[in-house]
Engineer: 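Once you've had a glance at the structure underneath, I'll fire off some questions.
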Amino acid sequence: MAKDFESVKAMVAALQPSYPVYCLRPEIITETAKRFLDLFPGRVLYAVKCNPHPEVLKALYNAGIRHFDTASLPEIAQVRESFGDAACYFMHPVKGRAVINTSARVYEIDTFVIDHMDELDKILKETGGAEGLTIYVRIKTPPAEGTLYHLAAKFGAGVTEAVAMLKEAQSRGCQVGVAFHVGSQCLTPGAYTTALQLVGEVLDQAKVQIAGLDVGGGFPAAYLGTNMPPLEDYVAAIEEGVKRLGLRRDCVLMCEPGRALVAHAISVVTQVQLRKGDQLYINDGIYGSLSETVDAGLRLPARLVRIGEDSRVPTCDFTLNGPTCDSLDVLPSPFSLPEDVREGDWIEIDRVGAYSNALATRFNGFHPETMVTVHDRAIMPSL
Ligand SMILES: *Cc1c(COP(=O)(O)O)cnc(C)c1O
């Protein structure tokens, strides 16, 4: 179990950590999960890859999340062995045969995604038949403006192939569904409208009744300078688009948020190990928790944490350098901090709940791995 502290300041006073410390605010997870569960008119699956830390999964489970989007055997094993009544869905379109076999026979997975006909054969062979199986066909969606990562470049079938797969899966006795994923940190609700129109095209041609529709993840989090539409706008676009499809009444609607459920709930407390003018050398960087500051250009809120007296001097811009010997290990945007920041101070960097520890490497011997829970207010309000 993670150590529990009243606040980030209390954690720093107690541990005086020279290593990075993730601070999980479970109340934020509870609030965010509740919002999703209240607003989304269907099943909310947490995309485990975004942050698989046991404390994060536990907080989500405690907040009422019971469905999990999993993409590998270790993810499935972790969820099924942590929570007896949690449902896992195998949402990776490309799976090893032994992995399909084990997921079905050991972990009773009965829902799989495909984006190619050969994968259907693999699944039917390894699971031992279509009985009780639901096959989701993932379709390729066009690149949406303002989306950070467009995964459709790698996965997803075109309309013609998707139609063929749906018909084939149904004729072989499976229940069928359609899935898509617009890409991460999608800032335009219209991307879901466009994707759902494409689903309409596929269904018109396939003339199958689908048992499920999965609108994927991609719901954004608020970073500095992010102009983020509210979740209500996404839900409205999805409800509107789904209504036009005229689906069977018992068709299951699902979404798979990762980032939006967890990004706001974790900060990382780093320590300044040396100051050279406006250059600060800290103990976490782009090979640790902060790779998305480069890959996605995220700008993160931060504040100084000092034991005793708070700093009361004006702020100025500092460049944060990561701990590895690589000269690329520098955070691209400056951070505004009190101008008297000094060696030994701590800097809390917030909004790192998504794709942080999940992506951290062990490069050069640096690997953040301490997680605690705290209950003070975050640097910026969430909603
Ligand atoms: C990564 C992923 C998600 C989660 O995406 P977020 O942008 O974190 O919401 C959902 N579904 C699929 C298929 C994914 O690959």
Engineer: State whether Lys34 and Glu31 are salt-bridged, where the test is any N-O pair (Lys NZ or Arg NE/NH1/NH2 against Asp/Glu carboxylate O) under 4.0 Å.
Structural biologist: no
Engineer: If a pair satisfies salt bridge (charged side-chain N to carboxylate O under 4.0 Å, His left out) and one of its residues is in residues 219-230, list it, with sequence neighbours excluded.
Structural biologist: none
Engineer: I need the Asp284 CG to Thr270 OG1 distance, nearest 0.5 Å.
Structural biologist: 7.0 Å
Engineer: Kindly indicate whether the side chain of Val242, heavy atoms from C-beta on, has any atom under 4.5 Å from the side chain of Leu247.
Structural biologist: yes
Engineer: So, are Asp85 and Arg80 salt-bridged, with charged N and O less than 4.0 Å apart?
Structural biologist: no
Engineer: Are Leu57 and Ile29 co-members of a hydrophobic cluster defined by side-chain heavy atoms under 4.5 Å apart?
Structural biologist: yes
Engineer: Hey, does Val268 have a side-chain heavy atom less than 4.5 Å from the side chain of Val21?
Structural biologist: no
Engineer: For Thr134 and Tyr89, does a side-chain donor sit closer than 3.5 Å to a side-chain acceptor?
Structural biologist: no
Engineer: Using 30° and 60° as the class limits, which term best fits the ring planes of Phe83 and Tyr61: parallel, tilted or perpendicular?
Structural biologist: parallel
Engineer: Centre of Phe90's six-membered ring, under 6.0 Å away, within 45 degrees of the axis: is that where NZ or CZ of Lys95 sits?
Structural biologist: yes
Engineer: Can we say Arg244 and Glu239 salt-bridge, meaning some charged N sits less than 4.0 Å from an Asp/Glu carboxylate O?
Structural biologist: no
Engineer: Are Ile238 and Phe36 connected in a single hydrophobic cluster, I mean Ile/Leu/Val/Met/Phe/Trp/Tyr linked by side-chain heavy atoms less than 4.5 Å apart?
Structural biologist: yes
Engineer: Report yes or no: do Glu81 and Tyr107 form a side-chain donor-acceptor pair below 3.5 Å?
Structural biologist: yes
Engineer: Does any non-hydrogen side-chain atom of Asp110 lie less than 4.5 Å from one of Thr127?
Structural biologist: no
Engineer: Could you walk me through whether Arg303 and Asp310 pass salt bridge (charged side-chain N to carboxylate O under 4.0 Å, His left out), step by step?
Structural biologist: CA-CA 11 Å; Arg303 71 175 160 207; Asp310 282 335; over 6 Å; no
Engineer: In Å and rounded to the nearest 0.5 Å, what is the CG to CZ distance from Asp340 to Arg306?
Structural biologist: 4.5 Å
Engineer: Can you find a heavy atom in the side chain of Leu304 that is under 4.5 Å from one in the side chain of Pro338?
Structural biologist: yes
Engineer: Do Val252 and Arg43 have side chains that get closer than 4.5 Å, going by heavy atoms?
Structural biologist: yes
Engineer: Please confirm whether Arg138 makes a cation-pi placement over Phe180, using NZ or CZ under 6.0 Å from the six-membered ring centre and within 45° of the ring normal.
Structural biologist: no
Engineer: Using the rule salt bridge (charged side-chain N to carboxylate O under 4.0 Å, His left out), only one of Glu6, Glu348, Glu55 pairs with Arg25; which is it?
Structural biologist: Glu348
Engineer: Is it true that the side chains of His181 and Asp214 contain a donor and an acceptor less than 3.5 Å apart?
Structural biologist: no
Engineer: Which residue in the set Thr324, Asp326, Asn364 passes side chain to side chain donor-acceptor pair (under 3.5 Å) when paired with Tyr287?
Structural biologist: Asp326
Engineer: Let me see the working for Tyr22 and Ser356 under side chain to side chain donor-acceptor pair (under 3.5 Å), right down to the final yes or no.
Structural biologist: CA-CA 10 Å; Tyr22 294 116; Ser356 50; 5.0 Å; no
Engineer: Is a side-chain N or O of Gln185 found less than 3.5 angstrom from the main chain of Ala221, in a donor-acceptor match?
Structural biologist: yes
Engineer: For the residue pair Gln279 and Asn321, confirm or rule out a side-chain donor-acceptor distance under 3.5 Å.
Structural biologist: yes
Engineer: What I'd like to find out is whether the side chain of Phe219 reaches to under 4.5 Å of the side chain of Arg259, using heavy atoms alone.
Structural biologist: no
Engineer: Could you tell me whether Glu168 and Arg172 have a side-chain N and a carboxylate O separated by less than 4.0 Å?
Structural biologist: yes
Engineer: Any donor-acceptor pair under 3.5 Å linking the side-chain atoms of Arg66 with those of Tyr46?
Structural biologist: no
Engineer: Atom CG of Asn51 and atom CE of Met371: how far apart are they, to the nearest 0.5 Å?
Structural biologist: 5.5 Å
